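A, B, ... follow the sequence lines: proteins, then strands. Residue 1 opens every chain. Treat the numbers as computed from the prediction; the structure is a model and nothing was measured.
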Amino acid sequence: MNARKVYMDYNATTPLHPEVKESMRRGFELYANPSSMHEFGRTVRNQLELVRQRIAECIGAGPEEIIYTGGGSESKNTVLKMHTSAHSGGAELPPGRSEIITSAIEHPSIIQTAQHLVSMGNTIHFVKVDRNGKVDMNHFLELISERTALVSIMYANNEIGTIQDIQSLAEIAHRYGALFHTDAVQAVGKIPVDVERLGVDYLSFSAHKFYGPKGIGVLYARKGKPYYPFIHGGHQEGGRRAGTMNSLGIIGMGSAVELIKAEMQEIEERLLRLKQRLRSGITERIPDITINGHPEDSLANTLNVSFHGAEGEAILLYMDLQGMALSPGSACSSGSLEPAHVLLATGVGPELAHGSIRFSMGRETTEDEVDYVLEVLPVVIKNVRKMSTVYSGECK
Amino acid sequence: MSNTNMWVYTDIVKEHFINPKNVLEDEEHYQDDGKGIVGNIKCGDQMMVAIKVSNDTITDCKWKTYGCASAIASTSVMSEMVIGMSIDKAYTIRPEDIVK
């Protein structure tokens, strides 16, 4: 086994910040049910409400607009489903508005929820993106109408890092009387997120993408906008999300929010330099590659590269054998070619979509680690290409 | 799944993935008696297999694969299986036989 380990899969999840770990260790003592009326319960509840305030301040919201959920997927399921008649209880949907618009490069938690809703008889449009992964505004304007109930567009893409112009998209949605949700799972903790500046009605994020714990997230829902719970059965979160509050998760998330607020700028500046080093290193050492994603409006930590003639999962597993954790554009072992949908939507051909690798870095990534990847990767690519039926040396 | 460090695939697949057998390296000069390509890049794999035959028996088999670890490993396993096999028998190989 290789002794050296390099983790470059921060968009999948991040390690806990050491101080988050510490705050959670203390949080283990707070066992009482935060909904209980006794002092035990009230003490815990007070802490969780302080966290709610802190989180609200961080994204420019009011505390009553923050709903704790079990993570990004739950937040997104809640938003999408509440805007269809089968899940909304029938009451709150504006008459005549039954369509949802989302994009072709959303995370599976949006795409597959949308596909489920289509199978239930709902109309959902998938707006196209351009070569760099930006929403095609002309297509968006074609799709949006007085029938649109909700527009849901991700803030930053998990695979290629492209950042959307949410402000403009939300403005257009509102002009047509539609509501706007953004999946900000990859944005919170990496770029500034402010619901007022963005002008969104709903926003989802998850703690484990910014050094907090897994299984806890937030759904921001603007005051006065339609809301219908996804999980029924209790009065928690003002009746908006049933289930005993996840005290430990909330405490960890609160600590993570605070820390990332203080550290974000420094981390992102460093990551941008590392990404440049990685990108130019790969470009110099490996022929026949394509860099995917937007050249400027892109997350500082994310680099997505297609290696002509080399298949992503094979590259990933050869790198894994050398101790490096990366993510492939598609993977047979997981039984799906799922993430390839993002690259295919940007117009990259199937060969390059299957031959793509995502490098996603974070606060613990070092220059030394980048250099190690740059040392091993060219050898791996060369070996995979040697076996390939597709690669013949020249750039197609 | 008791071993948490267990790899994505079994040991045999892993071995063939790390050290693939019979990869066709010098395609230009390889004098094959038969060659076939299957698969589709759209689906994520494509295999090319070239064989040498004498007296209806496969005497050599070389290959190239564009695909994931299991595609690479299974082509490698298959190449080892068919060398020394009669053409007729090789035609009847099923995916299950490679898995064994």
Chain B contact via A:N383 - which portion, at a heavy-atom distance below 4.5 Å: neither
Donor-acceptor pair between A:K209 and A:T13 side chains, under 3.5 angstrom: no
Any residue meeting salt bridge (Lys or Arg N to Asp or Glu O under 4.0 Å) with B:E25, in chain and number order, not counting sequence neighbours: none
Close approach to chain A in residues 81-94 of chain B, criterion heavy atom under 4.5 Å: none
Derivation of the side-chain hydrogen bond (donor to acceptor under 3.5 Å, both in side chains) call for B:T75 and B:T65: CA-CA 7 Å; B:T75 327; B:T65 286; 2.9 Å; yes
Salt-bridge contact A:D9-A:R358 (side-chain N to carboxylate O under 4.0 Å): yes
Any residue meeting ring-ring contact (aromatic ring centres under 6.0 Å, His included) with A:Y10, in chain and number order, not counting sequence neighbours: A:Y7
Non-neighbouring partners of A:Y318 that pass ring-ring contact (aromatic ring centres under 6.0 Å, His included), sequence neighbours left out: B:F17
